[in-house]
Amino acid sequence: MGAFLEAIDLKKYFVIGHEGTVHRTPVTVKAVDGVSFTLQQGETFGLVGESGSGKSTIAYTIIGMYQPTAGSLLFHDLDLFGKGKTRPLALRKQIQIVFQDPGSSLNPRQTIRQILELPLRLHRSSSDLLTEVVRLLELVDLPPAYLYKYPYMLSGGEKQIVAIARALATSPSLIILDEPTSALDVSVQGKIINLLLRLQRELDLSYLFITHDLSLMRNVASRVAIMYLGKVCEIAEMSEFFTHPQHPYTQMLLSSIPVVTEEEERAKPVKVISTGEIPSPVNVPPGCSFHMRCPRAMEICQRVDPAMVSLGEGHTVRCHLFEQSQ
Amino acid sequence: MSGHPLLEIKDLYVQFNVYGGALKVLDGVNIEVHPGEKVGLVGETGAGKTTTMKAVLHVLPEPAAQITGGEILFDGQDILKMVPSQLKQIRGKGIAMIFQDPTLALNPVFTVGEQMSAVVQYSMEAGRNLTKREVRERSITTLKEVSLADPERLLGNYPIQLSGGMRQRICIAMALAARPKLLIADEPGTSLDVTIQDQVLRLLDELVEKRNTAIILITHSLGVVRERTDRVYVMYAGNIVENAPTTQLYSRSFHPYTQGLMAAVPKLTGGGVSDGIPGRMPAYLNPPQGCRFSPRCPRVMEICRGEKPMLREASPGHQVACFLYPRGNELEINTKWNVSSGG
């Protein structure tokens, strides 16, 4: 059996305008530029990167909001974009998403009941809608009294819980969590995260967890991929990732995290001073996109884009430093 | 600390008059900042951090916002009693502010140079107008101080042409142009990425240290405060609930809210995520009687619901507003916050 979800050299370019007066050449942003990864059933795969690195574009491509420019996405060995047809309902049902800001992902003019009924109607649930909605609320520990509330009556955390219940309505096997707690305060975040972990155990869900918070990632994911300007620079098992980060960017990222205890301070890699600006995604430098900020940049980095190198069990890095040592 | 404080907020009460009543936001806030001190103000969204600082600069949207009590002394003078011409002397030269989102803080239709020139002109001693050339030179040196490369070119750029980190550094340059004695930085790194946030905060640190500028760093990130400040004030629902030297607060905190907040931060070393603090921050229209944290506090007592706890010294230099610590110099009482192991 193949992987649960597999991305093979996935690319998504956006044309944002045209240049030139006679010969109109399109200006493109390479939001996702050749990304490959696999997601196993029942795991939480973390996708980390700074804003604009292409994390959300990957998420939206997986649920089908975008058509990839090149590459393929296999779900149970089935091409999600096979032959350009619209995705069958049965397949859409399997993959659901929870967005970052529950304030804008819930319709303000609908009650919680209406919000939760919509996916059930679309996917022609056979059972009684009201019973089903109540069951969904129970699943996420919300009392039935919430049925007739409007989103504005709920706190940010509760809104996100409703969004999670909506994602569960079609009984999916994969849920994409696009920064599910970054719009919430820390004191509320924990409740949502622990709910998600409980649901994962009970319903055998697989998560693609997108965040920029590495401390949070440490506590939820089993494997992580780090993205920088549309490309993956490192993929590793969670414990391996935090104990032996290899890519200079990963090291810079990890050592820049502000932490609250001495113990964590010691767990961080040796400080890599962060320098330089993140280049604009419209104008990505040639060679390795990180070479301008990299403390260990070599001559080759300015010309050649490095390829993914395997460093052993599930640990891959995209950096010239490791190509040479092989 | 010795000497008299640079900024002293004493028992500040602020309310917002809205349809249906008054939102009693600030409920007796006390903060002291000494010259050259780095102070952190932590709290969650809606705790009143920004309202406090807006009161300090006297930029609250009056008359909707009303300061109903207290005083704010800057260098011994009460800001709240100042007339506009005196305030003009304080803003920029005495106290400057950096905002969370540099994209909103800069005007999109003017070039960086045009925006800088107004600040540079103002920062000079009154009475003499600078020539265009002098303004340009001063702008360039100011930009160089925040280690921006190629300042000559930057002056002709519009904010949209720059990255978030560069915009924030321009805001820092402008705020520091008039050499203020106190800098208020309102979530200066929050809208930036982790590695860029680190750069900006490090730069800010170096600059204030070099000039002995006092800084109030407002943030919701306990990690940032731990790395960048000398003293922390923890704010909850319009009250300061705890204040202590930074190292002391992180080694032992007294207030159940502070402890809950610390436990709620996911740790880089793993071990699962705490369930957080149950409930939510009270509405300001009708805040709870007594301690505003009492409805969420696992250690709530009879007295908490009726009487408001005052800040008192629990150990030297460490103040807490909680009835669990009635005597002064004592041991912390650890509130157990539920942590479920995940991952």
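FYI, side chains are in, hydrogens and waters are out, and symmetry mates aren't considered; it's all heavy atoms of this structure.
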Looking at [options], which one has more heavy-atom pairs under 4.5 Å with chain B than the rest?
{"options": "A:I193, A:V272, A:V259, A:I192", "answer": "A:V259"}
{"options": "A:I278, A:L214, A:V188", "answer": "A:I278"}
{"options": "A:G157, A:S255, A:G156, A:S155", "answer": "A:S155"}
{"options": "A:S51, A:P258, A:G190, A:A267", "answer": "A:P258"}

Please classify the contact of [X] with chain B as side chain, backbone, both or neither, using a heavy-atom distance under 4.5 Å.
{"X": "A:R293", "value": "side chain"}
{"X": "A:T44", "value": "neither"}
{"X": "A:E264", "value": "both"}

Quiz prompt | Check: A:G276 main-chain N/O paired with B:Q199 side-chain donor or acceptor under 3.5 Å | solution = yes
Quiz prompt | Sidechain-backbone polar pair: A:R218 side chain, B:P266 backbone, donor-acceptor under 3.5 Å | solution = no
Exercise. Might you work through the side-chain contact (heavy atoms from CB on, under 4.5 Å) test for A:S274 and B:R202, ending with a clear yes or no?
Key: CA-CA 10 Å; A:S274 160; B:R202 216 162 356 102; 4.0 Å; yes
Exercise. Please report the shortest heavy-atom distance between A:Q189 and B:A264, naming the atom on each side.
Key: NE2-O, 4.5 Å
Heavy-atom pair count under 4.5 Å with chain A, highest-scoring of [options]:
{"options": "B:V265, B:T269, B:V194, B:V225", "result": "B:T269"}
{"options": "B:L222, B:I196, B:L201, B:V224", "result": "B:I196"}
{"options": "B:A149, B:G165, B:G46, B:G223", "result": "B:G223"}

Exercise. Before giving the answer on side-chain contact (heavy atoms from CB on, under 4.5 Å), spell out for B:K267 and A:V260 the whole-Å C-alpha distance, their side-chain angles and the decisive distance to 0.1 Å.
Key: CA-CA 8 Å; B:K267 306 292 184 296; A:V260 294; 3.8 Å; yes
Report the distance from atom [atom1] of [X] to atom [atom2] of [Y], rounding to the nearest 0.5 Å.
{"X": "B:T195", "Y": "A:L254", "atom1": "OG1", "atom2": "CG", "result": "11.5 Å"}
{"X": "B:D198", "Y": "A:I273", "atom1": "CG", "atom2": "CD1", "result": "7.5 Å"}
{"X": "B:L268", "Y": "A:L216", "atom1": "CG", "atom2": "CG", "result": "11.0 Å"}
{"X": "B:S221", "Y": "A:I257", "atom1": "OG", "atom2": "CD1", "result": "11.0 Å"}

Self-check item: Salt bridge flag under 4.0 Å for residues B:E227 and A:K268
Solution: yes
Quiz item: So does A:E265 pair up with B:R226, basic N to acidic O under 4.0 Å?
Solution: yes
Is [X] atom [atom1] crowded by more than 12 heavy atoms from other residues, nucleotides or ligands, each under 6.0 Å away?
{"X": "B:E209", "atom1": "CD", "value": "yes"}
{"X": "A:E202", "atom1": "CD", "value": "yes"}
{"X": "A:H18", "atom1": "NE2", "value": "yes"}
{"X": "A:K55", "atom1": "NZ", "value": "yes"}

Exercise. Would you please name every residue forming a side-chain hydrogen bond (donor to acceptor under 3.5 Å, both in side chains) with A:S239, sequence neighbours left out?
Key: none
Exercise. Please step through side-chain contact (heavy atoms from CB on, under 4.5 Å) for the pair A:E158 and B:R280, ending with a clear verdict.
Key: CA-CA 10 Å; A:E158 286 169 330; B:R280 62 206 255 193; 3.6 Å; yes
Quiz prompt | Region of B:M281 that comes under 4.5 Å of a non-hydrogen atom in chain A | solution = neither
